[in-house]
Amino acid sequence: MLETLSVFREALYGALVIGIACSVLGVYVVLKRIVFVGAALAQLSSAGIALALFLGGLGVSGQLAHHPVAMSLLVTLAGAMFFGLGAGAKSGVPPDATIGVTYAAAAAAGILLIAKATSGEAHDIFLQGNILGITRADTLVLLAVTVPVLLIHFVFYKEFLFVSFDRETARTLGYRVTAWNLALYFTLGLVIAFAMQFAGVMLVFNFLVLPAVTGLLLARSMGGIFAVAITSGILASVIGFALSIPYDLPSGPAIIACSSLMALIAWCARRLQSR
Amino acid sequence: MTPLVRFERATLGYGRRKVLSDISFEIPSGDFLGLVGPNGAGKTTILRNILGSLAPLGGTVAVQPGLRFGYVPQRETVDSVYPLKVVDVVMMGRYDRIGLGRRPGADDRNRAMQALEHVGIPHLAHRQLSALSGGQKQRSLIARALVGEPTVLVLDEPTEGMDLVATTQILGLVRELHDQDSLTVLMVSHALNEVANYVKRIALVLEGGFRIGTVDDIMNEATLTKMYGIPVDVERVNGHRIVVAGGTTLQGRHDHA
């Protein structure tokens, strides 16, 4: 197993960076009950990649058309701002419905655009993610994005927690609730946009939800949730990776299966404890 | 003496939708005001204007500079999925004093413990907030409001969903905080009968209508009949005033029961 891991260690490092960053942000995603915002943002990110490839195929000039990552980032951050500002709740459409509409529209747009992109087939894997293809340079890019994000969340933990937990009281104490909410969604969008390039929609969504759910089931404090979520993300990455290669399984779904198993064990443990 | 809060011919609402018009009243220091009315009448609109999260559509809402609110939200708005200990939740009341990016220290923890003692639940400090009863949770949220050393304690529907015992205890505690600590209190509630026996003044908010005065000014048959638009009796039971609709006496109701 160790030999297998050492062969694909660069890919594993990348997966670990994505897993840790998404697991930390996923705690807010789960506690704030916005798990489908994570899915919608990941889908928007993939639609951004598809749009860039489509425009590039049409010969449209411009920086964004030639840089799928930049286009993906732009579309994802626009989506993050939209959700952070309430997802048009004032229009009368419930926020969860808006999230669903965004998810469906972004998924369809991504598939349609990539189908008509000249380099679509070659880049299809880009949308699905290719975790084994992560190089050292990719990991460094991921670190350059995720380390500042995690530092921001560490330094301003108290503020993010308060505004997420009880925004009305935070507002009365002078907190700029909308700005903090936007900061949370912005950092979430940033991590998702970069993680998506390598991990794909399904795996990013997994890392945003399952480790945090495992943490919520096992821990009795906020620190405990973060610790269990990170540990669960790391374990799922390592075990999923190690099993997927010798058994010739796709790595992403193998990691998700490990995360799901851990969440299931945590759920059983919680049930036993509450008896 | 300058009032802490002053509404002057204020029109309140959301966007283009007016909820209340031409509202004028003041909250002086040391007041214990009950803001009472049914759901949707405009209590929350008035409250949000006082707390500064909503601006008036017209007129003036002036809040004394430096005024500090200790806000106790409705219990159900505090999310029980967060695994937070009571003492950690109480410390949140000092977060703005602690400063941006800084962690609470021993002094903040001590003050949180003192606030919990003040509301009578120091033994619950290390319990999960989600594991507490409604009354205990409400005391925790009052402790959080007190730990920030507020000028005005603002409670939003503090007895919503509570049984008679818990309601009496919570209202008694708020009254005690007002009497002993000379704390200005604004209590929002839909339950006139509950609030009327604890507060000094009542602001009655009914659809489009607003009337403020002492408990005696408001809790009389003429005023309430006019405000509600139906015959209203005010009965006295053991010194407590009880509002009964439709000209039915408490004795009569008892006899029918």
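For residues 13-35 of chain A, heavy-atom neighbours of chain B at less than 4.5 Å comprise A:Leu31, A:Lys32, A:Arg33, sorted by residue number. Contact annotation for residues 75-99 of chain B against chain A (heavy-atom separation below 4.5 Å, listed by residue number): B:Thr77, B:Val78, B:Asp79, B:Val81, B:Tyr82, B:Pro83, B:Leu84, B:Val89, B:Met92, B:Gly93, B:Tyr95, B:Asp96, B:Ile98, B:Gly99. Of residues 151-162 of chain A, those residues with a non-hydrogen atom less than 4.5 Å from any non-hydrogen atom of chain B are, in numerical order, A:Phe154, A:Val155, A:Phe156, A:Tyr157, A:Lys158, A:Glu159, A:Leu161, A:Phe162.
Annotation for A:Phe36: atom CZ does not count as buried by contact number, only 12 or fewer foreign heavy atoms lying within 6.0 Å. Within 6.0 Å of atom CZ in B:Arg102, 12 or fewer heavy atoms from other residues, nucleotides or ligands are found, so the atom counts as exposed in its surroundings.
The OG1 atom of A:Thr172 sits 11.5 Å away from atom CG of B:Asp156, with the distance rounded to the nearest 0.5 Å.
Most heavy-atom pairs under 4.5 Å with chain B: of the set A:Ile225, A:Thr169, A:Leu216, this distinction falls to A:Thr169. For the set A:Ser164, A:Ala219, A:Ala170, the entry with the most heavy-atom pairs within less than 4.5 Å of chain B is A:Ser164.
Heavy atoms of B:Leu129 lying under 4.5 Å from chain A belong exclusively to its side chain. Of the atoms belonging to B:Leu141, not a single heavy atom falls under 4.5 Å from chain A.
Evaluation of the salt bridge (charged side-chain N to carboxylate O under 4.0 Å, His left out) test over residues 169-188 of chain A, restricted to residues two or more places apart or in two chains, returns A:Glu168-A:Arg171.
Shortest non-hydrogen contact noted between B:Gln128 and A:Arg220 is NE2-O, 2.5 Å.
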